[in-house]
Amino acid sequence: MDNPQIAAVFEELAELLEFRGENPFRIRAYQNGARAIRDLDEPIREIAQDPERDLSKLSGIGKTLAEKIGVLLETGSLPQLVELRESVPEVVIAMSRIPGLGAKKAAKLHEELDLNSLDDLAAACREGKVAAIKGFGKKTESSILDGLAIAKAASERIYWANADVIVANLTEHMKNCETISQMQWAGSYRRCRETVGDLDLLAVASDRTKAMDFLESYPGRASTILRGDTKISIRVEKSFQVDMRLVEADQFGAALQYFTGSQAHNIHVRRIAKEHGLKVNEYGVFRIDDETRVAGTTEEEVYASIGLPVIAPELREDRHEFEWAANQTLPELIEPAHMRGDLHMHTSATDGHNTIREMADAAIDRGLTYIAITDHSKRVTVAGGLDEDRLLEQWKIIDEIRDEYSDRLTIYKGIECDILEAGGMDLPDEVLGQGDWVLASVHFGQKQPRDQITDRILGAIENPHVHCIAHPTGRLINRRDPYEVDMDAVMKAAKQHGKFLELNANPARLDLNDIHLAAAKRLEIPIVINTDAHRIEGLDVMRFGILQARRGGLTAADVANTLDVESFTKLRKNMGQI
DNA sequence: GCCGTTTTCGGCCCGACTGTTTTCAGTCG
């Protein structure tokens, strides 16, 4: 089992224990353990096998969890989990996913009414059986019915890029609200997570009622979920939740810090604050002994009050950021202005929509100084992939137009060559050897077992004509799981053979993920961030890749295509690629 | 279940909102 799989076991364990009414701190210990393992940038198996190291020394892992990890690594399962699964009916778990119902209420409903499905629950609500239970009432009953209707859509996290569009529209609307003097988006949107579950808007308003009315007048509003004195929640576009919190101007920094999260990061902030004799909440920072307020207007103040510099929102996951902040070693994260090249794009020769010249001109418009043209190889028949002859023909064209671009843009002769199902590359070595830049990628046989697909990718890495693995895990967020590939083995091989790994900037892909990126950084494997553009506008997704890189803690120095052409060439020479 | 320059026991972040309650539990973030 790998880190995510082990983390998933403890997450499920925590969830099931909640239904059993276990000690909430014990539940949280399992959740913390799961997070610690998921966030680890090295394989937990290696730590377990290293006689010099001790799993229980990891933060959040104690004696009990270390033992259970051992069992999982050895046997692949945990008897405790099997038992718990049998004791908690699936329908109870399904019920707890309905907004407003948690573990306690779901368990109570199941206990009082004989329910076998969500349909049974809906029927019970309509018959008034739910309202008759002690602790439940008419309103709960109707909100369960509402919740059932939207449960599926409401639980779906959307791509950051799509949330960004909603944010832009709502910002445009709210800008016209005269009573609001200050506003900012917080939450996972501000932390630039690859997906966003809801949006948090923070605002200072002289008239809160008017500000809430104004939000409710947003044309895209579908409904209002709740409205109190300081907080309102609405749904936009049928199901997506948007919260607005109204705070005083001198609380803005504390509120921004608080609502940006993550929850784990905030818990850590408050723990440090306690050690300083301080209490942090969304209204400010206060001395515990006499309630004196010491900070709150800006985020800088809040962090400074506990002796830390401001931490970039992308890093606020309680991974390494507190250690870095304390040591003054927070990374200077990569920014869009750092990018010089884009080494993965398609043209109308295969499934792209623009010509080489159009892509080149668009790249120049975007401030790039080098690109690689990387159309598909012949195996990708649906895309009209290039065979040997057509590829050599395309490279001849690139040779011909290179001179006229030479003072502005270097154009590399590239290919996105498929790694075949049975292993091996889709084009012969003597052809690949004539190009400048060879991406290798998996498009077929994605569901192969772990060993098989890992071997295919390792084979590509060992091929001297391959320079980079494109979209190394193949996942499509919310739509397709990653290959069962052993990423640790891929990274070690990439390091050993001097190959790049791609961070694919397409908002549906974004592989590598933040944990992979942190691991690559630790192993000093150079990353390239590529757009995989299929048309001119596709070049603009670069910024999504950069946000993902920031979440991995990458600086410009960790990303090879921030280098100018000369330095990039020098790096490749040092890696033995040319 | 985890953790420790006050602690190996006794804590564990903190508050808003809701619904069903007469003072609070559950849920959410």
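These numbers come from a predicted model, not from an experiment.
If you measure from atom CG of A:Leu246 to atom C1' of B:dC17, you get 15 Å, rounded to the nearest angstrom. Atom-to-atom, CD1 of A:Ile225 to P of B:dG29 comes out at 10 Å; the value is rounded to the nearest Å. Atom C1' of nucleotide B:dG4 and atom NZ of A:Lys57 are separated by 14 Å, given to the nearest angstrom. Remark: C1' of B:dG1 and CG of A:Leu16 are 16 Å apart, rounded to the nearest angstrom. Rounded to an integer number of Å, the gap from CG of A:Leu199 to P of B:dG29 is 13 Å. Rounded to whole Å, the distance from CG on A:Leu58 to P on B:dC3 is 9 Å. Note: CD (A:Gln257) to P (B:dG29) measures 18 Å, nearest angstrom. Between A:Lys105 atom NZ and B:dT21 atom P the separation is 11 Å, expressed in whole Å.
Note on A:Asp243: nothing from the nucleic acid sits closer than 4.0 angstrom, heavy atoms only. At a threshold of 4.0 angstrom between heavy atoms, the contacts of A:Ile27 with the nucleic acid are absent. Within 4.0 Å of A:Ser59, counting heavy atoms only, lie sugar-phosphate atoms of the nucleic acid but no base atom. Within the 4.0 angstrom heavy-atom criterion, only backbone atoms of the sugar-phosphate kind lie near A:Gly60; the bases stay farther away. Backbone-only engagement by A:Ala103 is indicated by non-hydrogen atom pairs under 4.0 Å involving sugar-phosphate atoms exclusively.
For the side-chain contact (heavy atoms from CB on, under 4.5 Å) test, residues two or more places apart in sequence or in another chain that qualify with A:Pro89 are A:Val91, A:Val92, A:His110. Taking A:Lys175 as the reference, A:Glu172 meet the salt bridge (Lys or Arg N to Asp or Glu O under 4.0 Å) condition, with sequence neighbours excluded. Considering only residues two or more places apart in sequence or on other chains, A:Leu17 meets the side-chain contact (heavy atoms from CB on, under 4.5 Å) condition with A:Glu22, A:Arg26, A:Ile27, A:Tyr30, A:Leu84. For A:Asp213, the salt bridge (Lys or Arg N to Asp or Glu O under 4.0 Å) test picks out A:Arg227, with sequence neighbours left out. Listed by chain and residue number, A:Thr179, A:Ile180, A:Ala211, A:Leu246 satisfy the side-chain contact (heavy atoms from CB on, under 4.5 Å) test with A:Ala205 (two or more places apart in sequence, or in another chain).
Distance check on atom P: B:dG26 versus B:dT20 gives 14 Å, rounded to whole Å. Spacing between B:dC13 and B:dT18 at atom P, rounded to whole Å, works out to 25 Å. Taking atom C1' on both nucleotides, B:dC9 is separated from B:dC14 by 24 Å, rounded to a whole Å. Between the P atoms of B:dT21 and B:dT8, the separation comes to 44 Å (whole Å). The P atoms of B:dG10 and B:dG15 are separated by 25 Å, rounded to the nearest whole Å. Comparing the C1' positions of B:dT5 and B:dG1 gives a spacing of 24 Å, expressed to the nearest Å. Remark: the separation of the P atoms in B:dT23 and B:dC17 is 23 Å, to the nearest Å.
Evaluation of the side chain to side chain donor-acceptor pair (under 3.5 Å) test over residues 266-280 of chain A, restricted to residues two or more places apart or in two chains, returns A:Gln257-A:Asn266, A:His268-A:Asp318. Sequence neighbours left out, the pairs with a member in residues 74-84 of chain A that pass side chain to side chain donor-acceptor pair (under 3.5 Å) are A:Lys68-A:Gln80. Among residues at least two apart or in separate chains, there is no side chain to side chain donor-acceptor pair (under 3.5 Å) pair with a member in residues 324-336 of chain A.
Contacts between residues 63-79 of chain A and DNA chain B, defined by a heavy-atom separation under 4.0 Å, are made by A:Lys63, A:Thr64, A:Leu65. Within residues 114-142 of chain A, the residues having any heavy atom closer than 4.0 Å to DNA chain B are, in order of number, A:Gly135, A:Phe136, A:Gly137, A:Lys138, A:Lys139, A:Thr140.
Contact annotation: A:Thr230 reaches the phosphate of B:dC17 (side-chain N/O to OP1 or OP2, under 4.0 Å).
Two residues, A:Leu226 and A:Ile61, neighbour DNA chain B, and the one matched to the more 5' nucleotide by heavy-atom proximity is A:Ile61. In this structure, A:Asp198 and A:Ile232 both approach DNA chain B, and ranking their closest nucleotides by distance from the 5' end singles out A:Ile232.
Taking 90° from 0 as the syn/anti boundary, the base of B:dT7 is oriented syn.
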Filtered N/O pairs between nucleotides 11-15 of chain B and protein, under 3.5 Å:
unit_1: B:dC12; atom_1: OP1; unit_2: A:Lys274; atom_2: NZ; d: 3.2
unit_1: B:dC12; atom_1: O3'; unit_2: A:Arg28; atom_2: NH2; d: 3.3
unit_1: B:dC13; atom_1: OP1; unit_2: A:Arg28; atom_2: NH1; d: 2.7
unit_1: B:dC13; atom_1: OP1; unit_2: A:Arg28; atom_2: NH2; d: 2.6
unit_1: B:dC13; atom_1: OP2; unit_2: A:Arg28; atom_2: NH2; d: 2.6
unit_1: B:dC13; atom_1: O2; unit_2: A:Arg270; atom_2: NH1; d: 2.6
unit_1: B:dC13; atom_1: N4; unit_2: A:Gln263; atom_2: NE2; d: 3.1
unit_1: B:dC14; atom_1: O4'; unit_2: A:Arg270; atom_2: NH1; d: 2.4
unit_1: B:dG15; atom_1: OP1; unit_2: A:Lys279; atom_2: NZ; d: 3.4
unit_1: B:dG15; atom_1: OP1; unit_2: A:Asn281; atom_2: ND2; d: 3.2

Between A:Arg208 and A:Asp229, does a side chain to side chain contact (heavy atoms under 4.5 Å, CB included) hold up when you go through it step by step?
CA-CA 8 Å; A:Arg208 293 181 170 185; A:Asp229 292 336; 5.7 Å; no

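Between the side chain of A:Gln548 and the backbone N or O of A:Leu510, at least one donor-acceptor pair lies under 3.5 Å. Formation of a donor-acceptor pair under 3.5 Å by the A:Asn504 side chain with backbone atoms of A:Arg509 is not found in this model.
Counted within 6.0 Å of CZ on A:Arg20, heavy atoms from surrounding residues, nucleotides or ligands total 12 or fewer; the atom is thus considered open.
The salt bridge (charged side-chain N to carboxylate O under 4.0 Å, His left out) test with A:Asp514 is passed by exactly one of A:Arg193, A:Arg191, A:Arg319: A:Arg319.
Pair assignment for B:dT8: none, as no Watson-Crick or G-U wobble contacts are both less than 3.5 Å.
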Side-chain donor-acceptor pairs under 3.5 Å in residues 123-131 of chain A, sequence neighbours left out?
unit_1: A:Glu127; atom_1: OE1; unit_2: A:Lys129; atom_2: NZ; d: 3.1

